[in-house]
Colleague: 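Below: one structure in structure tokens.
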Amino acid sequence: MVNYDYNHQNGTHKELFKITNCNVNAFEEKGYYATVKQELIRANNTLGEIIKNPVLGILPKTLSNTLEYAFPSTTAFFAKTPIGDIAQIHILYPETDKITRTFILMYARVVNPLMKFLFKNSVLQAAATVIEQDTGAVESLYPRQKPKIRLPNEEIMFYAEKLYRDW
Ligand SMILES: [Fe+2]
């Protein structure tokens, strides 16, 4: 569900990317397949953060991303960055009844070799941090309660939950 939750980015990943807003411009679903167009608005990272992870210094303040889903295992995240076009494929697979594993495959169409040399490790480090944060969020969930308020864009998460319940 965390991969379908368009309210978690500006919480779970807020510190890393300084996300102030997450807008969903389009959501289309066709059975197990869905596409989302998302716009993330960012504030500036501190100099210290950029020194630790240089890619944070060149990411634009508005990130327009496309996500394509194949329930339940696959989320493909497409982003245009100053380094080049990035495709990040998140895979979930059940290992046992109680253990689910995850990994990502990351592809980049790099604009120039210097950018690749300078930013490759930083991009991979940011991606690894995102996965750690998502995993941490899932591992430390509060017990489920009936929600008393509605948040924007929740229908995408409810769509995934319905697929899960009807599986
Ligand atoms: Fe996430």
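Just so it is clear, the model here is predicted, and its values are computed rather than measured.
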Colleague: What's the separation between atom CD1 in Ile131 and atom NE2 in His90, rounded to the nearest 0.5 Å?
Modeller: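 Those atoms lie 4.5 Å apart.
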Colleague: So, taking the atom named CG in Asp166 and the one named CD in Glu161, what distance separates them when rounded to the nearest 0.5 Å?
Modeller: 10.5 Å
Colleague: Specify the closest pair of heavy atoms between Pro60 and Pro82, including all atoms of both residues, with the distance to one decimal.
Modeller: CD-CD, 3.8 Å
Colleague: Tell me whether Glu28 at atom CD has more than 12 heavy atoms from other residues, nucleotides or ligands lying less than 6.0 Å away.
Modeller: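 Check fails, neighbour count at 12 or below.
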Colleague: So which atom in Cys22 and which in Asn153 form the shortest heavy-atom distance, rounded to 0.1 Å?
Modeller: O-ND2, 4.1 Å
Colleague: Mind checking what makes side-chain contact (heavy atoms from CB on, under 4.5 Å) contact with Lys61, not counting sequence neighbours?
Modeller: Arg42, Asn44
Colleague: Would you check if Leu163 and Tyr159 make a side-chain contact, meaning some heavy-atom pair closer than 4.5 Å?
Modeller: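 Leu163 vs Tyr159: side chains touch.
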Colleague: Would a hydrophobic clustering, with Ile, Leu, Val, Met, Phe, Trp and Tyr connected at side-chain separations under 4.5 Å, put Phe77 with Tyr33?
Modeller: yes
Colleague: Do Tyr4 and Trp167 belong to the same hydrophobic cluster, where Ile, Leu, Val, Met, Phe, Trp and Tyr are linked whenever their side-chain heavy atoms lie under 4.5 Å apart, directly or via other members?
Modeller: yes
Colleague: Measure across Asn7 and Asp5 and return the closest heavy-atom pair with its distance rounded to 0.1 Å.
Modeller: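 Result for this residue pair: N-OD1, 2.8 Å.
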Colleague: If Ile, Leu, Val, Met, Phe, Trp and Tyr residues are connected whenever their side-chain heavy atoms lie under 4.5 Å apart, and connections chain through other members, are Ile86 and Phe119 in the same group?
Modeller: yes
Colleague: If two hydrophobic side chains count as joined below 4.5 Å and joins carry through other members, does Val55 share a cluster with Leu114?
Modeller: yes
Colleague: Check whether the side chains of Thr46 and Glu49 place a donor and an acceptor atom closer than 3.5 Å, and report yes or no.
Modeller: yes
Colleague: Show, in sequence, the C-alpha distance, side-chain angles and deciding distance for Asn21 and Leu40, and conclude whether the side chain to side chain contact (heavy atoms under 4.5 Å, CB included) test is met.
Modeller: CA-CA 6 Å; Asn21 228 322; Leu40 289 176; over 6 Å; no
Colleague: Which residues end up grouped with Met1 if you chain together Ile, Leu, Val, Met, Phe, Trp and Tyr wherever their side-chain heavy atoms are less than 4.5 Å apart?
Modeller: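 Met157, Phe158, all in the cluster of Met1.
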Colleague: Of Val36, Thr35, Leu67, which meets side-chain contact (heavy atoms from CB on, under 4.5 Å) against Phe27?
Modeller: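 It is Val36, the one option of Val36, Thr35, Leu67 that forms the side-chain contact (heavy atoms from CB on, under 4.5 Å) with Phe27.
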Colleague: Can a donor-acceptor pair be found, under 3.5 Å and without considering hydrogens, that links the side chain of Asn65 to the backbone of Glu39?
Modeller: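 No, the answer is negative, given that no donor and acceptor are paired below the 3.5 Å cut-off.
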Colleague: For Arg101, I'd like to know if atom CZ has over 12 heavy atoms of other residues, nucleotides or ligands within 6.0 Å.
Modeller: no
Colleague: Got Leu59 and Phe17 here, is their nearest side-chain heavy-atom distance under 4.5 Å?
Modeller: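 Yes, at least one pair of side-chain atoms sits under 4.5 Å.
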Colleague: Report yes if the side chains of Asn23 and Gln38 come closer than 4.5 Å at any heavy-atom pair, otherwise no.
Modeller: no
Colleague: To the nearest 0.5 Å, how far apart are CG in Asn112 and CD1 in Ile83?
Modeller: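 Asn112 CG to Ile83 CD1: 10.5 Å, rounded to 0.5 Å.
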Colleague: Rounded to the nearest 0.5 Å, how far does NE2 of His8 lie from CD1 of Ile19?
Modeller: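 Going from CD1 on Ile19 over to NE2 on His8, the span is 8.0 Å.
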Colleague: What is the minimum heavy-atom distance between Ala43 and Thr20, and which atoms define it?
Modeller: CB-CG2, 3.9 Å
Colleague: Does any non-hydrogen side-chain atom of Tyr93 lie less than 4.5 Å from one of Thr102?
Modeller: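 No. Closest side-chain heavy atoms not under 4.5 Å.
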Colleague: Evaluate the side-chain proximity of Ile89 to Ile104: yes if any heavy-atom separation is below 4.5 Å, no if none is.
Modeller: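 No, too far: nothing below the 4.5 Å cut-off.
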Colleague: To the nearest 0.5 Å, tell me how far Lys120 NZ sits from Gln125 CD.
Modeller: 14.0 Å
Colleague: Could you measure the distance from the CD atom of Glu139 to the CD atom of Glu132? Nearest 0.5 Å is fine.
Modeller: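 These two atoms lie 10.5 Å from each other.
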Colleague: Is there a donor-acceptor pair closer than 3.5 Å between any side-chain N or O of Thr62 and the backbone N or O of Ile41?
Modeller: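 Answer holds: no.
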Colleague: For atom CG of Asp97, is the number of surrounding heavy atoms from other residues, nucleotides or ligands below 6.0 Å larger than 12?
Modeller: no
Colleague: For Asn45 and Leu16, indicate whether the former's side chain and the latter's backbone hold a donor-acceptor pair under 3.5 Å.
Modeller: yes
Colleague: Side-chain donor-acceptor pairs under 3.5 Å in residues 68-76, sequence neighbours left out?
Modeller:
| unit_1 | atom_1 | unit_2 | atom_2 | d |
| --- | --- | --- | --- | --- |
| Tyr69 | OH | Asn3 | O | 2.5 |
| Tyr69 | OH | Tyr6 | OH | 2.6 |

Colleague: Is Tyr164 reachable from Tyr32 through a run of hydrophobic residues whose side-chain heavy atoms are each under 4.5 Å from the next?
Modeller: yes
